[in-house]
Structures are given as C-alpha cells and as structure tokens.
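Counting begins at 1 with the first residue of the sequence. Keep in mind that this is a model prediction, so the values were computed, not measured.
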Amino acid sequence: MIKRLIITIMALLAAITAYSQANDNTRQAMDLAQRLSPVLAAKVEFHQIDAEQRRDVFTLESRGGKVAIGGNNAGAMAVGLNRYLNRYCKTTVSWYADVPLQLPKVLPDVPAAERVTARVPQRFFLNYCTWGYTMPFWQWRDWERFIDWMALNGVNLPLAITGQEAVWYNVWTRLGMSDKQVRDYFTGPAYLPWHRMANIDGWCGPMPKEWLDGQTALQQRIVERERALNMRPVLPAFAGHVPGALRELFPDADIQALGSWAGFDEQYRTCFLNSEDPLYSRIQRLFLEEQTRLFGTDHIYGIDPFNEVDPPSFEPEYLNKVSKHIYESLTAVDPQAEWLQMAWFLYYQRKDYTQERTRAMLTGVPQGKMTMLDYYCEYKEMWREHEGFYGQPFIWCYLGNFGGNTNVQGRVKEAGQRIERALAECGDNLVGIGSTLEGLDVQQFPYEYILEKAWDYAKTDEQVVNELADRHAGCESQPARDAWRLLYDSVLDITPGNFAAPLPCSYPTLGKENRPVKYKPDELLAVWDLLLAQDKVSTDAMTIDLIWVGRQLLGDLFMTEKQAMDKAYEQRDKTAFYAHSDLLYEILSDLDILGSFHPQATLGHWLRQARDLGKSPQVKDYYEMNARRLITTWGGSLNDYACRNWNGLMWDYYAKRWENYIRELTVALLSGKDFDEAHYRAITDKFQERWVTSTEEVICGTSDDDILTFSRHLREKYREALDHASQNN
C-alpha cells in the first residue's frame with residue numbers, strides 16, 4: 001500500500017513538473033513573439049509537444065483563426081515562429097535591435113500543416129572574435145534582440161563569454177596580484193577576444209574597473225535569457241593562460257612564454273602555466289567556482305589552449321598530457337564537464353599539427369567528452385584531414401566572415417552541399433551544425449541559410465532562392481528572385497580568398513593592389529540591375545541588398561580606376577591622371593553616401609555604442625579609441641584587417657589616406673621626380689594614429705532619401721565605366 005502510494009505521488013510530481021515546464025516553454029515563446037510585435041503575438045499561440053527521438057521538433061498550422069505553433073521546448077517553438085514569419089509573412093527578423101519587425105497588413109494563415117524535426121541535436125553560433133568585431137559595446141537591448149534572433153534560427157549552443165574578466169579579476173587578486181597588475185594584464189575591451197585566446201596581453205589597456213562591473217550584470221542577463229529559451233551557454237574555463245606577473249608570486253611555478261603573435265612586440269606576449277603544475281588545478285578550481293557563483297553552469301566549457309600560438313612542445317606525448325590534465329582539472333570541479341574545442345588551430349597551423357600530434361591531443365580526453373568545432377568547413381573540412389577527429393564528436397561550422405569585413409561573400413551553395421555530404425557520411429559523430437563568423441555585418445542570409453540546414457526542410461535550391469528573395473522584397477518579386485538566383489548560383493559560389501574588403505578600404509600602394517575579383521563582374525552588375533528593376537524598396541533586408549551589392553560594384557570600379565591612374569602616372573600622362581584621380585574621389589564620396597542608408601553601415605553608430613557605454617568623459621574617450629583602432633590600424637601587423645566601407649569612415653578616414661597618396665603622386669608627376677613612398681607612408685601613418693586617438697566628431701548619419709532612387713542615380717552616373725569594367729575584368 002505504501003509502495004503504491006509512493007509511486008502515485010512520484011507520478012503526480014512528475015506530471016506537475018512536466019506541466020510546469022510546458023507552461024514555462026509556451027510563456028517564453030509568447031514573450032519572444034510579444035517582443036517582436038504585439039500584433040504578431042495576438043495572431044499566434046504555442047503548445048507543448050513531444051520530441052522525436054531526442055531531436056527538437058516543431059509543428060505549424062492554422063487553427064481557430066490563430067497560427068498554432070507546437071514545439072518540444074521554447075527554442076523549437078521559436079524556430080516554428082520564424083518559419084511562419086519567413087515563409088508565410090515574407091519577412092526577416094533582423095539581428096539588430098534598432099530594426100523593427102516588418103509585417104504584412106493582414107497576417108496570413110498557414111495553408112497546410114507542417115511538422116519539422118531537427119537533423120542534428122546541437123546548433124552552435126558565434127566566435128570569440130565576434131566580441132571584438134561586433135559586440136564589445138553592446139548593451140542589454142542589443143543582446144536581447146540578438147538572443148531572440150538566435151532562438152528563431154534554432155541556436156541552442158551559443159558561445160557566452162561576456163563578463164569573464166570579472167571572474168578572472170577576482171581569481172588573480174585572490175592569488176595576490178594588485179588591482180593595477182590585473183587591469184594592466186587585460187587588453188582594452190575591443191581586444192578582449194585575442195586576450196581570451198591567449199594571443200596578446202595588455203594591448204590598449206589598462207582596463208577601467210567600471211567595465212568589469214557592467215559586464216558582470218550584463219552576462220547574468222544574457223545567460224538567464226539564453227537558458228530560458230532552452231540554450232546551453234558555452235562558458236569559458238581555464239586553458240593555461242596566466243599573467244606574467246604571476247611568476248613573482250609563484251617563482252617555482254612552471255610558467256613559460258608562448259610564441260609571438262601577429263607582429264606584436266615582446267611586451268604583449270602571453271604566458272602559459274604547465275598543466276602538470278599543482279597551481280594549474282588550483283586556478284581552475286578558483287575560476288570555475290567563481291564563474292558558477294556569478295553565472296551558473298551548463299557543464300560545457302570552451303577551452304582553446306594554443307590558438308594561433310605555438311605550444312611549449314609539439315611532442316605527441318606532451319600534447320596528450322596537456323589535454324588529459326586540463327580535462328582532469330575540469331572534472332575535479334565539475335564531474336559533468338564537457339570540453340568544446342575550436343579546430344581552427346588545425347587549419348591555421350596545419351603544417352605543425354600532423355595526424356600523430358592531433359590524435360595524441362584529442363585522445364587525451366575520454367571519447368564523447370570533447371566536442372570539436374570544425375571552424376572553416378566551407379573551405380577546409382578538418383574532420384576529413386583528421387579521420388573524423390579520432391572518434392570525438394564534432395560540429396560542422398561555416399565561418400564566412402573574417403574581421404567583420406563588409407564585402408560581398410558567402411559561398412553558401414557549396415557549404416550546403418558539403419553539409420549534406422557530411423550528414424550522409426559521418427553518422428552519429430556529427431552532432432551539430434553551426435557558424436563561427438568573426439563579425440555580423442549587415443547581410444544575414446549566409447548564416448540563416450546554414451542554421452536552416454540543421455532542420456529537415458528538404459528545400460530545393462529554387463525554393464531556397466525564391467523564399468529568400470520574397471522575404472527580402474516583402475512580396476513575390478521576380479526581379480528579386482532572379483537577382484538572388486545569380487548571387488546564390490554564381491557570385492557567392494566562389495573559392496575563398498576574397499575576404500578582404502574592396503580596395504577603397506586598403507592601404508594605398510603604388511601598383512600593388514592586385515586583388516583579383518573571384519566572381520564574374522558582369523554577373524554582379526546584372527544582380528544590381530535586377531534589384532534596381534523593382535518597383536519599390538519597402539524592407540530593411542532589401543535596403544541592405546542594395547547597399548551590399550552597390551558598394552561592392554563601386555569598390556571594384558575603384559580598383560579599375562586606381563590601376564588606370566597608376567598607369568597614367570607611370571606614363572606621365574597628366575590629363576589621364578587627373579581624370580582618373582577625380583573619378584576616384586567621386587567614387588569615395590558616393591560610397592560614403594551609400595552607407596548612410598542603413599544605421600548599421602555607419603561609423604557613427606559604432607562610435608556612439610562605444611561612448612554610450614562609458615560613465616565618464618575619460619572612459620568614453622578610451623572606449624572610442626578602442627573602437628576606432630580595431631577597425632583601422634588594429635595593432636601589430638594587422639593594419640586594415642577589420643576594415644569596413646561604412647558611411648563616415650569612408651570619407652573621414654579612407655578618403656584622407658587616398659588624398660595623401662594622390663597628392664604625393666601629383667607632386668612626383670609635376671616635379672618629374674620619383675614617387676617618394678617613404679615620405680608618403682610617414683605622413684599617412686601619422687594621420688592614421690592621429691585619427692585613431694582623436695575624439696573629434698565624424699560627420700555621418702542615416703539618409704532619409706530613397707535608396708532605390710539614389711542607387712539608380714549611381715547606375716546612370718557610372719554606367720559607361722561599370723559596363724566597361726564588368727566586360728574587361
């Protein structure tokens with residue numbers, strides 16, 4: 001009798017728990033819909049359904065005047081909501097908080113019921129670098145929309161590394177370091193990704209104390225919302241990177257300097273604590289316990305001990321021991337710990353990481369306890385080079401963007417084909433699909449496409465293109481469909497190597513621009529003409545398409561004119577030189593205006609974010625310096641790595657560099673002397689540093705004019721030059 005009563009009580013408690021979870025899932029999904037639009041929230045309803053073979057699933061149908069969306073959790077319900085918005089409402093949710101959701105006047109019903117299952121259990125998103133190239137100055141409003149965007153696109157394994165410096169600050173001071181020592185060790189906010197990856201210490205520091213406090217509160221809100229939407233935030237763990245000053249407190253500790261990185265001076269080199277040293281486990285425990293106190297844990301940790309730097313030894317035995325000891329230090333604190341590891345090092349240092357060395361490193365961790373992020377699969381699938389990572393599970397990732405560069409790039413069709421082959425060949429070893437983009441940029445399609453591949457939509461290429469074009473146009477649009485067919489089949493389907501931004505954003509050099517265009521210029525011009533053939537532009541996404549394609553074409557034209565100007569200089573043809581140099585100025589001016597049609601394509605937005613985060617004039621100036629430097633001179637040998645053809649930046653910075661170049665060429669042409677490259681570089685480098693440290697207001701802003709009218713004006717203005725360039729490149 002008592003046994004039966006206990007069973008009944010347990011069943012009742014389980015039912016209550018299940019009901020509570022289901023109620024919470026539907027509430028979270030409805031809250032997301034409400035944040036997007038109260039009108040949308042009034043049209044939809046959510047309900048709980050069971051998962052299919054441990055895979056997320058959603059259903060979508062019209063019922064009683066409502067759109068009924070079922071899901072096994074809030075995240076799956078969000079994907080169902082996004083399916084409704086994309087396919088039936090023909091709209092796109094922007095990942096930027098300042099772009100409101102655009103809906104049709106009458107929200108449509110769903111003509112036929114759908115049931116869609118996830119093809120893989122894990123959907124990963126983000127890259128350490130994104131916290132520098134896009135997110136360093138984000139506040140909760142930005143994060144709230146972005147987390148919603150991730151949920152809508154099925155992400156359930158987001159990298160979550162905001163606020164970790166506050167944890168480290170508490171650890172290092174507890175071990176005896178001073179406030180000044182710790183804040184000098186940290187880089188400036190925009191450079192924290194490369195500090196976190198053990199590439200550089202101290203660059204653009206010291207860090208203000210107010211940054212640490214603000215980021216702690218922000219991270220607490222981030223992980224709370226991500227967990228509410230059924231995501232598992234990937235938090236960091238100790239990977240061996242320590243302050244050099246720790247040697248003074250622990251002189252017997254086995255602390256070694258790692259290799260230099262990206263041309264930075266010796267003073268910025270990082271240090272590594274041997275994982276066998278007793279201090280290692282102590283630091284790991286201090287860090288994980290403090291991090292869990294502040295942010296909780298989902299038992300999965302991002303750990304990347306030697307990213308783009310040489311380890312103390314490449315001996316297989318050493319690499320195996322490092323992995324083994326790191327994992328043991330994790331599980332000593334968190335017995336449920338799982339290790340998430342970037343496979344980027346296997347591509348970046350592919351000559352050093354032989355199969356023998358890599359096998360030793362990866363098998364130092366028990367099977368299934370280390371998941372590899374195959375980082376750059378649209379170009380090089382490292383799982384193929386390393387026998388499926390020697391039994392460790394992996395996530396197929398699309399990178400797609402380096403440095404937040406703002407040019408036309410994607411290679412989505414090839415990426416989609418590779419995903420299909422991997423799913424067919426890898427079996428259970430392939431546990432996820434994700435994206436490891438370095439910066440967001442304005443064009444979302446490539447990343448949404450990759451994440452959509454994680455669900456069994458079974459779309460044809462034609463369906464992919466048509467649905468995408470229609471939601472960018474806001475209606476069925478044949479010109480938009482034809483434009484995106486060209487982009488999808490040809491322009492974006494290129495071999496990697498075109499990741500640097502167009503020539504206007506590059507350091508001017510005489511006769512050395514050699515940046516081959518990887519697509520057929522006449523096809524990109526045809527894309528622009530098709531976009532310009534539309535009756536109107538009524539969506540944010542189509543505005544972005546016009547900016548994206550237009551500035552790429554003008555950038556390519558700039559390269560053609562620059563080559564012609566250099567040739568005229570070499571031939572001492574003054575008339576031709578002046579004609580081409582004048583046209584270069586015109587193109588720079590028009591590129592600057594083109595970016596003004598979207599706030600996220602302006603320098604002003606970036607700098608305002610930085611300044612708004614500071615609480616005092618001094619800190620505001622400091623944040624602005626970080627923001628300016630990262631996207632221009634960067635540091636070390638990385639000048640122009642993160643360049644962007646933004647409104648304000650184009651005219652206030654890049655045009656001034658080209659002005660120096662053209663002026664010095666003009667002086668040489670008129671004087672009959674050779675171009676003094678050393679003098680030109682000296683004055684340009686001084687200008688760059690003045691600009692980076694300046695706080696003078698940059699003239700930029702969002703245009704209220706019609707982008708379609710302006711783009712058509714540009715097409716006519718440069719018609720002859722664009723047609724000629726597209727036929728001859």
Side-chain angles (χ1 to χ4, degrees), residues 86-87 89-92 94 99 102 400 406-416 441-450 452 459-494 498 502 517-557 590-591 594-595 597-598 600-601 645 706-719 722-723 725-727 729:
N86 287 175
R87 184 174 185 183
C89 296
K90 294 181 171 48
T91 192
T92 298
S94 173
V99 179
Q102 294 173 274
T406 48
N407 55 319
V408 171
Q409 56 190 330
R411 212 187 191 199
V412 288
K413 187 176 181 179
E414 170 67 17
D441 192 18
V442 290
Q443 185 58 263
Q444 298 174 190
F445 161 66
Y447 314 102
E448 293 171 336
Y449 171 84
I450 294 299
E452 195 174 74
K459 290 182 182 179
T460 64
D461 286 346
E462 183 179 12
Q463 288 173 315
V464 168
V465 170
N466 288 348
E467 287 185 16
L468 164 69
D470 290 349
R471 68 178 182 259
H472 278 217
C475 60
E476 286 192 16
S477 168
Q478 195 58 49
R481 288 183 174 189
D482 292 342
W484 270 102
R485 168 60 67 184
L486 270 173
L487 284 167
Y488 182 80
D489 279 341
S490 181
V491 175
L492 293 180
D493 192 32
I494 57 175
N498 197 34
V517 174
K518 300 293 184 179
Y519 46 81
K520 295 179 180 178
D522 60 323
E523 292 180 335
L524 186 62
L525 185 58
V527 169
W528 207 33
D529 285 338
L530 286 164
L531 294 176
L532 295 177
Q534 297 176 100
D535 294 332
K536 62 179 180 178
V537 173
S538 58
T539 69
D540 179 77
M542 186 53 69
T543 296
I544 286 169
D545 290 349
L546 284 166
I547 294 172
W548 195 51
V549 173
R551 66 189 182 188
Q552 185 77 21
L553 282 166
L554 292 186
D556 293 343
L557 178 61
D590 286 329
L591 275 169
L594 190 57
F597 285 91
H598 197 282
Q600 295 291 342
N645 43 14
D706 177 56
I707 189 172
L708 190 59
T709 301
F710 181 72
S711 297
R712 286 170 175 167
H713 160 72
L714 292 180
R715 180 66 175 100
E716 286 304 311
K717 180 177 181 178
Y718 296 110
R719 177 169 295 279
L722 283 168
D723 290 345
S726 71
Q727 294 165 8
N729 274 339

message: Within the structure provided, determine whether F710 and D590 are in side-chain contact (heavy-atom separation under 4.5 Å).
response: yes
statement: CG of L486 to CG of L525, rounded to nearest 0.5 Å, is 11.0 Å
message: How long is the straight-line distance from NE2 of H472 back to OG of S477, given to the nearest 0.5 Å?
response: 12.0 Å
task: Can you measure from CG (L554) to CD (Q552) and round to the nearest 0.5 angstrom?
output: 10.0 Å
field: Heavy-atom donor-acceptor pair, S726 side chain to D723 backbone, under 3.5 Å
entry: yes
query: Below 4.5 Å, heavy atoms only, C-beta onward: do K413 and L492 meet side chain to side chain?
result: no
- prompt: What's the verdict on side-chain contact (heavy atoms from CB on, under 4.5 Å) for Q443 and Q409, showing C-alpha distance, side-chain angles and the deciding distance?
  reply: CA-CA 10 Å; Q443 185 58 263; Q409 56 190 330; over 6 Å; no
- prompt: Rounded to the nearest 0.5 Å, what separation is found between the CD atom of Q444 and the CD1 atom of I544?
  reply: 6.5 Å
- request: Check whether any side-chain N or O of E448 sits under 3.5 Å from a backbone N or O of L468 as a donor-acceptor pair, and report yes or no.
  value: no
task: Please tell me if the side chains of W528 and L546 come closer than 4.5 Å, counting only heavy atoms from C-beta onward.
output: yes
- request: Please lay out, stage by stage, how H598 and V99 fare under the test side-chain contact (heavy atoms from CB on, under 4.5 Å).
  value: CA-CA 10 Å; H598 197 282; V99 179; 4.2 Å; yes
Under 3.5 Å, which donor-acceptor pairs do the side chains of residues 529-536 form with other protein atoms, sequence neighbours left out?
from, atom 1, to, atom 2, distance (Å)
D529, OD1, R715, NE, 2.6
D529, OD2, R715, NH2, 3.2
Q534, NE2, L531, O, 2.9

message: Applying side chain to side chain contact (heavy atoms under 4.5 Å, CB included), can you list everything that pairs with R87, at least two apart in sequence or on another chain?
response: R83, E114, E467
Close side-chain approach of R481 and D470, heavy atoms under 4.5 Å: yes
Close side-chain approach of Y718 to L553, heavy-atom, < 4.5 Å: no
task: To the nearest 0.5 angstrom, please state how far the OG1 atom of T92 sits from the CG atom of D540.
output: 9.0 Å
query: Do you know the tightest heavy-atom contact between F597 and D706?
result: CE2-C, 3.8 Å
field: Within-4.5 Å side-chain heavy-atom neighbours: W548 and F445
entry: no
field: Q478 and D482, any side-chain heavy atoms less than 4.5 Å apart
entry: yes
field: Nearest atoms (heavy-atom pairs only) where A473 meets S538
entry: O-OG, 3.7 Å
task: Decide side-chain contact (heavy atoms from CB on, under 4.5 Å) for R485 and D461; before the verdict, give the C-alpha distance in whole Å, the side-chain angles of both, and the deciding distance to 0.1 Å.
output: CA-CA 9 Å; R485 168 60 67 184; D461 286 346; 4.1 Å; yes
task: Can you see which heavy atom on L714 is nearest to which on L594, and at what distance?
output: CD1-CD1, 4.3 Å
Heavy-atom neighbours of Q463 CD exceed 12 at 6.0 Å: yes
message: One pair to check against side-chain contact (heavy atoms from CB on, under 4.5 Å): V464 and V412. What are the steps and the verdict?
response: CA-CA 11 Å; V464 168; V412 288; over 6 Å; no
Minimum-distance pair of heavy atoms, taken over all atoms of T539 and R471: CG2-O, 4.4 Å
message: What I'd like to find out is whether the side chain of L487 reaches to under 4.5 Å of the side chain of Y519, using heavy atoms alone.
response: no
query: So, the side chain of N86 versus the backbone of T91: is there a donor-acceptor pair under 3.5 Å, distance only?
result: yes
- request: Drop me the distance from D493's CG to E414's CD, to the nearest 0.5 angstrom.
  value: 6.5 Å
